[in-house]
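Right, one structure below, let's go through it.
As the structure lists them, so they are numbered: ligands from 1, and atoms in each ligand from 1. What you see below is based on every heavy atom in this structure, not just the backbone, and it leaves out hydrogens, waters and symmetry mates. What you see is a predicted model; the values in this text were computed from it and never measured.
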Amino acid sequence: MKELTRKRILVTGGAGFLGSHLCERLVAQGHDVLCVDNFYTGTKDNIAHLLDCANFELMRHDVTFPLYVEVDEIYNLACPASPIHYQYDPVQTTKTSVHGAINMLGLAKRVKARIFQASTSEVYGDALVHPQKEDYWGHVNPIGPRSCYDEGKRCAETLFVDYRRQHGLSIRIARIFNTYGPRMHPADGRVVSNFMMQALRGEPLTVYGDGTQTRSFCYVDDMIDAFVRLMNSGDDSGGPVNLGNPHEVSMREIAQRIIAVTGSSSTLAARPLPADDPWHRQPDISRARQLLGWEPATSLDEGLQKTARYFRARLAASGQTAPQAVKAGAAAG
Ligand code: NAD
Ligand code: UDP
Ligand code: UDP
């Protein structure tokens, strides 16, 4: 890449699910990528294939502590994302979102870097408006089991917007809706990873509540396209942008699809609905369409097939596959 267009880019949380795909994309584009991670939920395995690249560097660091490096752009992704991970140490989750944002914004201010925040659809909480648009202020419990994540991310958005107003920073805020794909942690408790692992092992798929609650799932490659477009967009208004796939499905439906895609003979098993579980979630992506010329290109079945291949390979590598539980001639994987 030409010196003029090559940037030094910091990706915090770069060893996680989304971060590793982002690092891969930026390295392939020829940028110098610095991946910073404390390996709380991410792993070296996720970025092992990048370690030999001359334009990739890995640093173990916790973003709740100051970081002094020289970069042109910052993608701030560091934060556990799945409920079981962010609820394990809720105080640390809030610190990561809030102190992490302050440190990365302070860094961006000093080196005059543009900075991107991985925010979340959780800022809408258990939404009373459907689908969710960026101007909806949300319906969030400030003291519930999900609050460390939801309120931490809301505070981070406030910090980003105030650093823009007060210090003139160039910011980008992505409100990310449920994303899935290869390198999801198989034990992160999220619905796609749980159902995939259960289906491939021939175990019952654990549907929480009556399974009529909905989510809208975006395949990881589409999401990374949107990240890079948003970072490079000419719009400097700093307003948040919903990123996700508007295709909404119930948990029952995604269970059935995962069973079909994996060719599993698993059944469904009802389990209690966790506290404060949002009822419906679907992004309105009009703003992303208009601003970024972007919309997801991967269908749910195509994305689930690619994800099934990844989980199947992981299971096989660990010698755990239960082929007797999977019908012969499985559709994918
Ligand atoms: P992940 O858990 O796989 O990745 C998070 C990464 O951050 C991990 O590598 C972890 O080790 C690292 N990390 C955590 N705390 C840190 C700290 N204090 N210092 C340095 N590194 C730290 O999760 P993900 O799904 O890749 O999510 C990435 C980002 O996107 C998160 O900020 C998350 O809130 C956001 N997001 C993700 C989704 C989704 O569906 N995956 C949806 C909405 C928002
Ligand atoms: N910071 C950092 N790297 C830098 C510059 C700042 O990690 O290169 C951190 C530092 O911990 C600081 C925080 O960012 O406390 C906020 O910085 P800012 O300049 O906004 O505020 P101040 O330094 O006055 O606290
Ligand atoms: N869920 C489920 N079975 C599982 C894991 C999750 O039915 O084994 C449900 C969960 O209650 C929620 C939805 O799936 O309604 C999405 O959960 P996830 O943790 O993946 O994402 P989030 O709730 O953060 O959107």
Side-chain angles (χ1 to χ4, degrees), residues 11-22 35-43 46-47 59-71 75-86 92-93 95-97 99-111 113 117-123 146 149 152-153 156 159 163 166-167 169 174-181 183-185 188-195 197-198 205-209 211-218 220 223 227 243-244 250-252 254-255 268-274 276-279 281:
V11 179
T12 76
F17 163 48
L18 295 179
S20 62
H21 285 275
L22 178 61
C35 167
V36 163
D37 205 296
N38 68 350
F39 302 113
Y40 184 57
T41 51
T43 65
N46 285 341
I47 34 106
M59 184 192 288
R60 179 191 280 265
H61 176 80
D62 183 326
V63 295
T64 61
F65 296 94
L67 176 67
Y68 288 84
V69 290
E70 308 307 312
V71 290
Y75 286 87
N76 187 37
L77 272 62
C79 186
S82 85
I84 57 164
H85 286 155
Y86 69 65
Q92 179 62 20
T93 299
K95 283 185 185 170
T96 293
S97 277
H99 293 181
I102 291 173
N103 287 329
M104 293 309 104
L105 287 161
L107 168 61
K109 184 179 122 197
R110 182 179 62 79
V111 300
Q117 167 66 356
S119 189
T120 169
S121 54
E122 295 280 338
V123 300
R146 297 173 84 100
Y149 184 73
K153 289 284 186 178
L159 285 161
Y163 265 79
Q166 204 172 322
H167 299 300
L169 256 63
R175 288 193 180 148
I176 306 164
F177 284 64
N178 298 60
T179 305
Y180 70 100
R183 299 200 204 116
M184 289 187 88
H185 197 296
D188 68 4
R190 285 189 256 195
V191 70
V192 172
S193 33
N194 268 8
F195 285 180
M197 295 300 282
Q198 290 161 345
L205 272 58
T206 51
V207 176
Y208 300 164
T212 56
Q213 73 272 32
T214 65
R215 296 292 186 272
S216 306
F217 296 97
C218 185
V220 61
M223 185 57 69
F227 281 12
L243 300 179
S250 71
M251 295 312 103
R252 235 166 218 288
I254 193 134
L268 306 189
R271 295 282 182 276
L273 189 69
D276 292 347
D277 201 86
W279 187 237
R281 196 180 286 148

Kindly identify the option in [options] whose heavy atom sits closest to [atom].
atom                    : options          : value
atom 25 (O) of ligand 1 : R215, M184, R190 : R190
atom 36 (N) of ligand 1 : F177, Y149, F17  : Y149
atom 5 (C) of ligand 2  : G100, A113, G106 : G106

Exercise for review: Check each atom of ligand 1 against the heavy atoms of G16 and keep those under 4.0 Å away; list them by number with element.
Suggested key: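 Result: 3 (O), 4 (O), 8 (C), 9 (O).
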Below 4.0 Å from ligand 1: does a non-hydrogen atom of [X] turn up there or not?
X    : value
D37  : yes
S119 : yes
A15  : yes
R183 : no
Y86  : no
E122 : no

On a heavy-atom basis, which atom in [X] and which in [Y] lie closest, and how many Å separate them?
X   : Y   : answer
C79 : S97 : SG-OG, 3.7 Å
D37 : G14 : OD2-N, 3.4 Å
H61 : F65 : NE2-O, 3.0 Å
A15 : I47 : CB-CG1, 4.1 Å

Look at [atom] and say which protein heavy atom is nearest, naming residue and atom and giving the distance to 0.1 Å.
atom                    : answer
atom 1 (N) of ligand 3  : Y208 CD1, 3.4 Å
atom 19 (N) of ligand 1 : V63 N, 3.0 Å
atom 26 (O) of ligand 1 : L18 N, 2.8 Å
atom 23 (O) of ligand 1 : A81 CB, 3.4 Å
atom 13 (C) of ligand 3 : M251 SD, 3.6 Å
atom 38 (C) of ligand 1 : I176 CG2, 4.0 Å
atom 20 (O) of ligand 3 : V191 N, 2.8 Å
atom 3 (N) of ligand 3  : T206 O, 2.6 Å
atom 16 (C) of ligand 3 : R215 NE, 3.7 Å
atom 10 (C) of ligand 1 : T41 OG1, 3.2 Å
atom 5 (C) of ligand 1  : C79 O, 3.2 Å
atom 13 (N) of ligand 1 : N38 OD1, 3.3 Å
atom 15 (O) of ligand 3 : D277 OD2, 2.5 Å
atom 22 (P) of ligand 3 : R146 NH2, 3.5 Å

Point to revise | Steps toward side-chain contact (heavy atoms from CB on, under 4.5 Å) verdict (L67, L107) | key: CA-CA 7 Å; L67 176 67; L107 168 61; 4.3 Å; yes
Considering only heavy atoms of [X], which atoms of ligand 2 have at least one such atom less than 4.0 Å away?
X    : result
I102 : 13 (C), 14 (O), 16 (C)
N103 : 1 (N), 2 (C), 7 (O), 9 (C), 10 (C), 11 (O), 13 (C), 14 (O)
K109 : 18 (P), 19 (O), 20 (O)
P66  : 7 (O), 11 (O)

Contact atoms of ligand 3, heavy-atom distance to [X] under 4.0 Å:
X    : answer
Q213 : 9 (C), 11 (O), 15 (O)
N194 : 4 (C), 5 (C), 8 (O)
R281 : 25 (O)
P274 : 11 (O)
V207 : 7 (O)

Using a heavy-atom cut-off of under 4.0 Å, does the side chain or the backbone of [X] touch ligand 3, or both, or neither?
X    : answer
R271 : neither
N178 : side chain
Q198 : neither

Review point. Quick one: does Y163 get within less than 4.0 Å of ligand 2, heavy atoms only?
Key: yes
Are [X] and [Y] side-chain neighbours, meaning at least one heavy-atom pair lies under 4.5 Å?
X    : Y    : result
F177 : C218 : no
R183 : V220 : no
F217 : V191 : yes
R281 : E122 : yes

Check your understanding: Of the backbone atoms (N, CA, C, O) and the side-chain heavy atoms from C-beta on, which set of K153 has a member under 4.0 Å from an atom of ligand 1: side chain, backbone, both, or neither?
Key ->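 Under 4.0 Å from ligand 1, K153 contributes side-chain atoms alone.
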Check your understanding: How are the rings of Y86 and Y149 set relative to one another: parallel (under 30°), tilted (30 to 60°) or perpendicular (over 60°)?
Key -> parallel
Check your understanding: For G189, is the nearest heavy atom under 4.0 Å from an atom of ligand 3?
Key ->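 Contact check G189 vs ligand 3: positive.
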Check your understanding: Any protein heavy atom under 4.0 Å from atom 24 (O) of ligand 2?
Key ->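 Within 4.0 Å of atom 24 (O) of ligand 2, no protein heavy atoms are found.
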